[in-house]
Each structure stands twice: as C-alpha cells, then as structure tokens.
J.: 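Got a structure for you, written out below as structure tokens; questions coming shortly.
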Amino acid sequence: MAPRYALVPDQHGPGGRLQPLTEDGTPLGPPEHVPALAAAVAEREVADRPRWVFAATDGAYAPLLPVRLARSHDLRLTEPLLLGQEGRFGEPRSLGAAWARLRGLPVPADLPESAAEDDQDGLFAPDRLQLPPGTDALEAVVAVHAEQLRRTAAIADPAERHRFRLLAAAESAGGLLAAEMARDGLPWRSDLHDRLLTELLGPRPQVPGAPPRRLAELAAELQRSLGGRPFNPDSHGQVLRAFADRGIQLGSTRSWELRRVDHPAAELMIRYKELSRLHAAHGWAWQAAWARNGRFRPEYVVGGVVSGRWATRGGGALQIPRILRRAVVADPGWSLVVADAAQLEPRVLAALSGDASLARTAAQGDLYEALAATAFHGDRSKAKLGLLGAMYGQTSGDIGPLLATLRRRYPAAMGYVEAAARTGEDGGVVRSRLGRTCPPPSADWLDLTEAPETAGEAGGRSARARGRFTRNFVIQASAADWALALLAALRRRLAALSSGADRPHLVFFQHDEVVVHTPADLADRVAEEVAGAAEEARLLVFGDTPVRFPMSTTVVDCYADAK
DNA sequence: TCGGAGAGCGCC
DNA sequence: AAAGGGCGCTCTCCGA
C-alpha cells in the first residue's frame, strides 16, 4: 500500500518504473521495474487508489489508456502554478528545468510548442522532459515532486495553501481528462456535416482548392452589384475600394459596419463572409483533417490560457460554429447530456467579492432578472450590460449611469473589480480564487509607464489596458477554477456510476459547458451527477457562500437540440 | 518563398 | 449601436 506512486514509462516498449511514495513524497522502498506498465498501473489503481505522479500527463498517461486513473499530480502543469505563486514569472517549466533549479544546474529553456507537434510516436518524449543527458528520469520525478510539495507547504496563509492544493489537484485531473477526451472523441456525424455544407455552400468542389458553387455565385453577384469590376472579396483592401467606387466609404469590412450600409452589396458581402468562413475554417478540409471514423478528436491544452481556461491545438474545437452542432449526434442507444453553468462569471464575482447584496441576487434563478428587479427598474438588458461592462472594464457608450447604479447598490462587488484594475494599472499581479497568478506586465509595458514624460498617452493607454486585463482576470480565472473543480468532480462521479465500455464519459468541455456521452438509460443519473458536481465545486472553491451555480442541463440526441 | 502583422470572426 | 476581457484560425499583404 502506498498513497502515491511516481511513474516513468520506458523509452521503448510497454514497460516502465514505479516508485512508491509516502504522502509527502518520500520514497517507500526501492523502485520497481515492471514489464507491462499499463497492467501494473491498473492493478495498483484498484488496490491502492494512489495519487499517480508523473512528469507530464501526455507522455505518461496517454500511452496507458484505456486504463483510467482517479488521481494524479502532473509536475509539468503544477510547476507554472507554483512559479506564479512564488512571483517567478516566465521561468521554464519542464521537468528538466525544475530539476536543474533544484540541483543548481544550467536551466534549459522550454521547447517551442512546435517541437511537440510532430511527436506522433512519442519518439521525442524523453527529450521533451528536457533532462540533462544521463539523468535518471525517475529520480528527477521523485525529487521534483517532493520539492513541489515542499514549495506548496511553504505558502504562508493556511487558507491560500489549502486552495492552492485544490488547484494543483484540479489542474492535474484536468490533464487526465484532456487525455481521455482526446482519445474518446466527440461523436461527429460526417454525413450530417457534409449535408449541411452542401445545403449552404453547394456540392463539395471536385477540384481541390476550387471555391464551392455558392461562394462563386456570391462573388459574382457582389461584383455585379458593385459595378462589374473584378475584385477579390477575401481582400479587405479590394473590398473597401470596390465599395468606395460606389460612393460608400467604409472604415473597415467588419460585418457590424456593413450591416449599417443601405446597399444590396452589403448584405451579399456579409453572407459571403459567413459562408466563406464556414468553408475555410470548418468545411470539408477541416472534416478530412479532424473528424474521422465518427469522432472529432481535438487536442486540448490544459491551462493553455493564462487565466486557466483550456485551449486547443488545431481543429478549433472551442470555436466550432453553433450551426455545426447539428453534426454532433449520440451513438444509437446513447444520449448526450449537455450542461452549461448559467451566468457563471457574474456569480463568480458575487462569490469572490462577498458582496452580500449581489450574492442575494445570485442565490438562485436568473441573476440578471433579479439584478434588474432590485436596481434597474426591471430592465434586464440594462442589468446585464452594466454588469458585463463592470467585469470587462468598459468605459464608453451609455454605460456610465449603469456603472454608477451598480457602484451605489453593490459597493463591495464593484470595489473588488476596481481594486483588481488598480493593481494591474500599477504594474502588480492578481490571483484567482484558487491561486492562479496573472502574468506581470510585459517589458514594453514597463518602458511605456516608467518613463511617463516620453510615454505620455501611450503609457496611459497601456496601463488602462492592463487594468482591464487584471480586472477581468480575477473573474475569468476564478470561473476557470470553478469549472476545473466541476470537471474533476464530474469525472469522478461518472466513474463511480458505471465502468466498462458502456460508461458515461465526458466528450466536450468549453469554458463553462460540458457534454457527456452516455448510454441513454443512464442519462438522468448523469444529469443528477452534473448538478451534484456543480454544488461540490461551489463548496470546494468558494466555501461558505450563499451564491448558487445552477447548471442548465438537457438530455438530447443531438447537440444542436440542447437548450 | 517564407514568416509576421493585421484584419476579421468563430466560441466563451 | 458597436465599446470593454480571453482565445484559435484563416486570409491577405508586405518585407526580408
């Protein structure tokens, strides 16, 4: 029985090494080499339920799948969280870098992301750890892990320390889940995708690179409508010139600007841009590259955004146009449980700031409705606009009076975001609820603000921009904390619900929304677990708060039918 | 010929 | 009506 195991796969073959550890990272006996790592890990998972410690989830866990592990500690994901906590920004985060810092060796720079991309066979996995030649990887994993636990224990404030441990655990769980979702994939009906593209764009072009029929038609109509001279509708310069030739001066080709133009060509242009984007970003080429054998497999990048939101690499999984949700259909006999957190960010603000009055409006139901009733004479749109403006740092438009109202009625909440903004303007850093740290100002920001006599207006603009960033960071990053806790809890609950090939599993995660693919007869149970996980996340992240985080959950066959 | 910058728009 | 936070992706344009 060991509470933790360090795990390092062999460079070649299915074997690997395991090192039992105590809860504080001290080795328990000698390391063990096993010829079949996946089987050995699966066995210990059942017997001990340990926390698995590895350099990076993609290198150590992905090859073990479909073995499912409950808990892990990912050194690569935890290192930047700790560096931020310690005020050491921009230092390399690989295992090798952490090891070098520990041993006083020269610290290797992180490899650029592109170096990881071609690593289809994991051939370069050992190099990606960035360990000096001849270093024993298991020894490094054990040492860096113990050091990370020590650094975590050094966080002075007990409550902050506790929350940071939650953050590291949740981030690591995110790593496990991202690897699982990449493997399982999102159900994707290429036939329906194809039909949709054909309806909108015309038949798939036979000649690769040729524009679909509808785009060619629209381009021709545009040309006629603007006087017959040929121009490329994909070229902003040529579009501006074509409109100018008809006496229409445009500041840009943005669709909101085109929408105000009273000329038939404007509407054609808007339509062209919509369809051309669909074709370029999520058309047949995308389908061939990303949606194979009934599954779309995005590559998630856990913590890829400084706020802790996930990013994806290739495939644009987090920017799929809503219309394409029609192609996401559960397998026969299965269902999709689609759940999103309603009005997550304003609720996070209420919980973060401890504003009793705002918390009351966020205690249930439609937050904006409640806000409107108490402060905006029932005008929901004003309530929403005002609150969003406060969270984003908006200053222009007619928002002034709305912000004034909010400041009067919710001084604690508004004070919270304004304090975060001031910290950012002054060059400081802010943290999320669980302790994720925002990056410091960039070097050119310092140039602009530290020499005001030369920087002048640009310096002020830059400082205000950074104020908007830190203002939004505390909310966006704390919302990401909550979402990560939700994911970890839901993942655990789904595993408890059922095992084997027919188990419900997460297939999609987008900031504040999750999709679970489940055998249809378990769908209602899954929906209950979603609600339970949201409540669990609330308690873990915000503790004693009256704010509630309701999920809007639907059980559907097709993603497009949700909500 | 390639890479970076800028524009623009998809998602939250 | 069109400003304010975070991204990824694709296109054009332009300079090395």
Side-chain angles (χ1 to χ4, degrees), chain A residues 113-114 209 211 215 231-241 250-260 269-283 285-286 289-290 298-301 303-325 340-346 348-349 381-382 384-400 402-403 417 420-421 424 430 432 436 438-439 461 464-480 482-483 508-514 559:
Chain A
E113 283 298 332
S114 56
L215 281 183
F231 71 99
N232 177 2
D234 288 324
S235 163
H236 308 125
Q238 292 182 37
V239 170
L240 292 180
R241 248 169 282 137
L250 294 171
S252 74
T253 67
R254 287 189 171 88
S255 49
W256 61 258
E257 191 165 347
L258 286 166
R259 226 162 268 139
R260 292 185 310 183
M269 194 63 225
I270 291 167
R271 190 64 184 148
Y272 177 88
K273 281 150 70 84
E274 286 170 357
L275 292 180
S276 134
R277 183 178 168 79
L278 176 68
H279 176 243
H282 290 100
W286 178 91
W290 292 100
E299 220 183 306
Y300 291 99
V301 185
V305 180
V306 290
S307 66
R309 279 184 173 184
W310 290 15
T312 58
R313 196 160 28 224
L318 302 183
Q319 298 100 241
I320 295 176
R322 294 179 75 91
I323 193 172
L324 286 194
R325 293 183 180 182
D340 73 287
Q343 304 153 340
L344 178 58
E345 295 197 342
V348 165
L349 170 59
S381 66
K382 274 190 179 170
K384 181 174 177 176
L385 214 60
L387 204 48
L388 290 175
M391 293 189 297
Y392 288 159
Q394 182 182 342
T395 50
S396 56
D398 299 333
I399 200 170
L402 304 183
L403 294 180
V417 288
V430 294
S432 74
R436 192 184 306 267
C438 85
R461 229 183 2 257
R464 283 192 298 279
R466 188 168 149 79
R468 286 192 298 274
F469 169 63
T470 49
R471 172 196 291 264
N472 185 252
F473 182 94
V474 291
I475 296 173
Q476 188 184 112
S478 300
W482 179 88
F508 194 59
F509 167 53
Q510 188 179 33
H511 311 314
D512 61 1
E513 177 174 17
V514 294
Y559 192 7

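Here the structure is a predicted model, which is why all the values come from computation and not from measurement. In what follows, chains are A, B, ... by sequence order, proteins preceding strands, each numbered from 1.
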J.: Over how many whole Å does the gap from A:E274 atom CD to B:dG10 atom P extend?
T.: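 Atom CD in A:E274 sits about 7 Å away from atom P in B:dG10.
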J.: OP1 or OP2 of B:dC9 sitting under 4.0 Å from any side-chain N/O of A:S255?
T.: yes
J.: Starting at atom CZ of A:R464, determine the distance to atom C1' of C:dG5, rounded to an integer number of angstrom.
T.: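 Those two atoms, CZ and C1', are 16 Å apart.
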J.: Ignoring backbone atoms, test whether A:R468 places a side-chain nitrogen or oxygen under 4.0 Å from the OP1 or OP2 oxygen of C:dG5.
T.: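 For C:dG5, OP1/OP2 do have a side-chain N/O of A:R468 under 4.0 Å.
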J.: Does A:R277 make a side-chain N or O approach to OP1 or OP2 of B:dG10 shorter than 4.0 Å?
T.: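 For A:R277, the contact criterion (side-chain N or O under 4.0 Å from OP1 or OP2 of B:dG10) is not met.
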J.: In this structure, how many angstroms lie between the P atom of C:dA2 and the CZ atom of A:R259, rounded?
T.: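 That distance rounds to 13 Å.
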J.: From CG of A:L387 over to P of C:dG4, roughly how many Å is that when rounded to an integer?
T.: 19 Å
J.: How far apart are the closest heavy atoms of A:Q510 and A:Y559, and which atoms are they?
T.: OE1-OH, 4.3 Å
J.: Please determine whether a side-chain nitrogen or oxygen atom of A:Q238 lies at a distance below 4.0 Å from atom OP1 or OP2 of C:dC13.
T.: yes
J.: Please classify the nucleic acid contact of A:G316 as base, sugar-phosphate, or nothing, using heavy-atom distances under 4.0 Å.
T.: sugar-phosphate
J.: Between C:dG4 atom P and A:L388 atom CG, what is the distance in whole Å?
T.: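 Nearest whole value for this atom pair: 15 Å.
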J.: Using only atom types and a distance under 3.5 Å, with no angle test, would you say the side chain of A:W286 pairs donor to acceptor with the backbone of A:G315?
T.: yes
J.: At less than 3.5 Å, do the side-chain atoms of A:R309 and the base atoms of C:dC7 form a donor-acceptor pair?
T.: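 It does not, because no donor-acceptor pair links the side chain of A:R309 to the base of C:dC7 below 3.5 Å.
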J.: Using a cut-off of less than 4.0 Å, is there contact between a side-chain N or O of A:K273 and OP1 or OP2 of B:dG8?
T.: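 Result: no.
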J.: So which heavy atom on A:A317 is nearest to which on A:P298, and how close?
T.: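 So the minimum-distance heavy-atom pair works out to CB-CB, 3.3 Å.
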J.: With a 3.5 Å cut-off and just heavy-atom distances, do the side chain of A:R322 and the base of B:dC11 make a donor-acceptor pair?
T.: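 Result: no qualifying N/O pair found.
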J.: Please determine if a side-chain N or O atom of A:T253 lies less than 4.0 Å away from the OP1 or OP2 oxygen of B:dG8.
T.: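 Yes.
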J.: May I have the distance from A:Q476 (atom CD) to B:dC11 (atom C1'), rounded to whole angstrom?
T.: 12 Å
J.: Figure out the CG/C1' separation between A:L215 and C:dT10, and round it to whole Å.
T.: 14 Å
J.: Might you point out which heavy atoms bring A:Q238 and A:N232 nearest each other, and give the distance in Å?
T.: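 For A:Q238 versus A:N232, the nearest heavy atoms are OE1-N, 2.7 Å.
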J.: Taking A:S252's backbone N and O only, do any of them form a donor-acceptor pair with A:E257's side chain (distance below 3.5 Å, no angle check)?
T.: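 Flag set: sc A:E257 to bb A:S252 pair under 3.5 Å.
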J.: Report which part of the nucleic acid A:G314 touches: base, sugar-phosphate, or nothing (heavy-atom distance under 4.0 Å, all strands).
T.: sugar-phosphate
J.: Which listed nucleotide (C:dC7, B:dG6, C:dG6) is nearest to the side chain of A:A311?
T.: C:dC7
J.: Using a heavy-atom cut-off of 4.0 Å across all strands, would you classify A:G304 as base, sugar-phosphate, or nothing?
T.: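 No contact.
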J.: Looking across every strand, which nucleic acid part, if any, lies under 4.0 Å from A:S235 by heavy atom: base, sugar-phosphate, or nothing?
T.: sugar-phosphate
J.: Counting distance only, does the side-chain N/O of A:S255 pair as donor-acceptor with the main-chain N or O of A:I270 below 3.5 Å?
T.: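 Here the side-chain-to-backbone pair does not exist.
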J.: For C:dT12 and A:N232 - does any side-chain N or O of the residue sit under 4.0 Å from the phosphate oxygens OP1/OP2?
T.: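 Yes.
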J.: Round to a whole Å and report the spacing from CG of A:L275 to C1' of B:dC9.
T.: 14 Å
